[in-house]
Amino acid sequence: MTVRTRFAPSPTGDLHIGGARTALFCWLYARRNGGSFVLRIEDTDRERSTQASVATILEGLSWLGLDWDEGPIYQSERFDRYREEIRRLLAQGDAYYCYCSRERLEALREAQRARGEKPRYDGRCRSGVGRSERGDAPPVVRFRNPLSREVVVEDAIKGRIAFANAELDDFVIARADGTPTYNFTVVVDDIDLEISHVIRGDDHVNNTPRQINVLRALGGTEPVYAHVPMILAADGRRMSKREGAQGVEAFRDLGYLPDAIVNYLARLGWSHGDQEVFSRDELIGLFDIADVNRAAAVFDFEKLTWLNQHYIQRADAASLRGPLRRELERLALDPAEGPDLATVIEVQRDRARTLVDMAAKSEFAFRDPGAYDEGAAKKHLRPVALEPLLAVRERLAALEAWEAEPLHAAVAETAEALDLKLGRLAQPLRVALTGTAMSPSIEKTLLLAGRARSLARIDAACDHVRRRAALS
RNA sequence: GUCCCCAUCGUCUAGCCAGGUCCAGGACACCACCCUUUCAAGGUGGCGACACGGGUUCGAAUCCCGUUGGGGACGCCA
C-alpha cells in the first residue's frame, strides 16, 4: 500500500505546537515509508479562515523543515465537488433536508442536558416532514446516520474503539447557505486524495465513527486511523494561550532552534528506548506510529530548553549566524558594530540556552554597558582594584595582537606581577568590560569587546573607582 | 450529565502486547561534590514512581474487573 498522510489545519490562527507535532508525525510516517505528505487547508468556514493564518502555518511548517509533497489544497476551492457528493447522498437517501429552526434545536439540547442525556438531534426531519416550521428559510442537509449496530475503529495508536450508532445523531453536512461542514469535507477529501493514514489529534476520536459512516455511504475505502494524544500545559490542562508560547513562531522568537523543537516534539509521546537525541534522519529511520504513546503528555519547557542548548552547542556556526543576527537586531544592536558573529557563537555556545539568551549575553560586544550592576560594582570596583586595573590596561594597550592567547597572558602576567590571585584582577576587569560579574572567560570577554572598547571601559572603571574613593 | 480515551519518579519516558532477569532503567528539573578567573559547560553522586481496591497465577508494573483521578467529544467550528 502506498502511504499517503495529510496534515489538515484550519487557518484560524497560528501553527499551534500540538498541530506542529501532528504534522511532524504525519511527515515522519510518510518519509519513513516512502510515501507522500499532503497539506490541506480546511477553510470551509469562510467567516473564520484568514489568508494571514494560512501564511503563518506554511511558514511555520517550512521553518520546522516539514516539507509537503502535495498541496496546499484549499477546501474552499472544492465546493463544487462537495456539492456534487451531497447531491449524491441526497439522491441515495443517505442524507435529507432539515428544516428545524435553530431555536428549536437549542431548546432541544437544553432539555436533553437537563434530563442528563447527551445533546443530539432528534431526527424530526428524518422522515421528510416538518418543513413548515422554518417557513421559507433554506434547509440544512443532514446525514442519515445508521440507527443500530456499532462502528469499530481499529486505531493504530489507541487500539480498538467501538461506538454504538445509537449514540450518534444525524449531523449537518451542509449549512443553510449550501457550504459543506467539516465532518463531510474531510471524508470526501480523504477519499479523493487517497489518504492511507489519517494521523490527527485525539480530539477527533469522536468524529471518527461519523466519518466512517459517511465514508461507507460514499463507497470509500477506510484509511488507517491514528489518533495522537493531546499536549497538555504544565497545569495538566490543554495548552492554551495563557500558558505562553503555543504557536511555533512564538518559539522561534523565544530563541529555539527548529531541530530542537522537532526532536522535542518527536520525543513527546514517542520514544525509542532510552535515546533522547535524534537527528532528522534517525527519526525518519526509526519512527513508527504504532510506537506512539496512548496517554496525553505535558509540555516541558525545561526539557525543550535543554535540547535547544544541546543543538546550539553542536550546530554548525554558519547555520546559527542568521538566527543570531536576527536576535541581536531585536535587541536594537548593530551586528556590524562588533566582532564577527562566528566568534561570538564559538565563545557563547556553551553558555547560551537559547539564541535570545546568546544575544543578550553578548550585548557587551556590540554596545557599551549602561550603569554597572550595583552588586557587582560594589564588590569588585573598589579602591584596591585601581592599581591592578591600571596595570593590566598598560599591558593590554601594549599588545600587538588582540587575540585570546596574548590577552590571557597579559592578564595572567599582570596578576602574577602584582602577586594577586587571578580572580582579584579578572573580576574587576569583567565588571569594567561588561557591567556585570558574569561573562565568558576574561580573555574571551576582552576579545569580544575589542581593543578600543576594552581600554575605554577600563578607563571608565578607573574613574568610577576614583570617584568612589573620593566619596568615602 | 452522556459517550470515548488515558493512568510508572515533579515532567518526558523504558519495561507492559509474548507475567519471573524490575526491592523498576534513562532523560529533564532539583540537591551535593569535583573542575574553575565569574557565569556557564563538563564530570561524579543523590533525591524521586508502578493511583487505589479486588481477582487470575507458584509469581503481576505487566493479564481481568471495579473505584478514583485526569483528558476529550457532545455546533449550521474544525
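Chain letters run A, B, ... following the sequence lines, proteins first, then strands; residues in each count from 1.
Nearest-nucleotide positions on RNA chain B place A:M438 closer to the 5' end than the other of A:T12 and A:M438. Map A:E302 and A:L232 each onto its nearest nucleotide of RNA chain B; the residue landing nearer the 5' end is A:E302.
Outside the 6.0 Å centre-distance limit, the rings of A:H380 and A:Y372 are not counted as a close aromatic pair. The ring of A:F184 has its center no closer than 6.0 angstrom to the ring center of A:F171.
Distance A:L433 CG to B:C39 C1': 15 Å, rounded to the nearest Å. Between the CD atom of A:Q309 and the P atom of B:C39 there is a distance of 16 Å, given to the nearest Å. Atom CZ of A:R78 is separated from atom C1' of B:A78 by 17 Å (rounded to the nearest Å). A straight line from CZ of A:R6 to C1' of B:A78 spans 11 Å, rounded to a whole angstrom. The interatomic distance linking A:N263 (CG) with B:C28 (C1') rounds to 13 Å, in whole Å. The nearest whole Å value for the distance from the CG atom in A:N183 to the C1' atom in B:A73 is 11 Å. Distance NZ (A:K444) to C1' (B:C39): 14 Å, rounded to an integer number of Å. A:L304 has its CG atom 14 Å from the C1' atom of B:A27, to the nearest Å.
In this structure B:C74 sits in a base pair with B:G1, meeting the Watson-Crick or G-U test at under 3.5 Å.
Among the candidates A:T208, A:D202, A:D203, the single residue satisfying the side chain to side chain donor-acceptor pair (under 3.5 Å) test with A:H227 is A:T208. Exactly one residue among A:N165, A:D169, A:D170 makes a side chain to side chain donor-acceptor pair (under 3.5 Å) with A:R210. That residue is A:D169.
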Next on the checklist: Test salt bridge (Lys or Arg N to Asp or Glu O under 4.0 Å) on A:R104 and A:D122; report intermediate values, then the result.
Outcome noted: CA-CA 11 Å; A:R104 184 181 102 75; A:D122 61 358; 2.8 Å; yes

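At a cut-off of 3.5 angstrom, counting only N and O atoms as typed in the model, there is no donor on one side facing an acceptor on the other between the side-chain of A:R424 and the base of B:U37. Donor-acceptor pairing under 3.5 Å, judged by distance alone, is absent between the side chain of A:N207 and the base of B:A73.
Close to B:G75, at under 4.0 Å from its OP1 or OP2, lies no side-chain N or O of A:R210. For A:Q348, no side-chain nitrogen or oxygen approaches OP1 or OP2 of B:A40 to under 4.0 Å.
Using a cut-off of 4.0 Å between Lys/Arg side-chain N and Asp/Glu carboxylate O, A:R6 and A:D189 are scored as not salt-bridged. Looking at A:E84 and A:R81, a side-chain N of the basic residue comes within less than 4.0 Å of a carboxylate O on the acidic one, giving a salt bridge. Here A:D300 does not pair with A:R267 in a salt bridge; the nearest charged N to carboxylate O distance is not below 4.0 Å.
Here A:T44 lies in heavy-atom contact (under 4.0 Å) with sugar-phosphate atoms only. Within 4.0 Å (heavy atoms only), A:Q313 reaches sugar-phosphate atoms of the nucleic acid but no base atom. No engagement by A:P229 is indicated, since no non-hydrogen atom pair under 4.0 Å with the nucleic acid exists. Contact annotation for A:E443: base contact, defined as any heavy-atom pair under 4.0 Å involving a base atom. Within 4.0 Å (heavy atoms only), A:R109 reaches sugar-phosphate atoms of the nucleic acid but no base atom.
With hydrogens and angles disregarded, a donor-acceptor distance shorter than 3.5 Å links the side chain of A:N263 to the backbone of A:E276.
A donor and an acceptor atom, one from each side chain of A:T445 and A:S439, are located under 3.5 Å apart.
For A:T181, counting side-chain heavy atoms from C-beta on, the closest listed nucleotide (B:C28, B:G72, B:A78) is B:A78.
The gap from the P atom of B:G15 to that of B:U62 amounts to 15 Å, rounded to the nearest Å.
Ring planes of A:F299 and A:Y264: perpendicular class, angle over 60° (limits at 30 and 60°).
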Next on the checklist: Protein within reach of the bases, or only the backbone? For nucleotides 1-16 of chain B, mark each nucleotide 5' to 3' as B, S or -, using heavy atoms under 4.0 Å.
Outcome noted: BBSSSSS---SBSS--

Next on the checklist: For nucleotides 62-68 of chain B, give me one character per nucleotide, 5' to 3': B if any protein heavy atom sits under 4.0 Å from the base, S if the only such contacts are to the sugar-phosphate, - if neither.
Outcome noted: -------

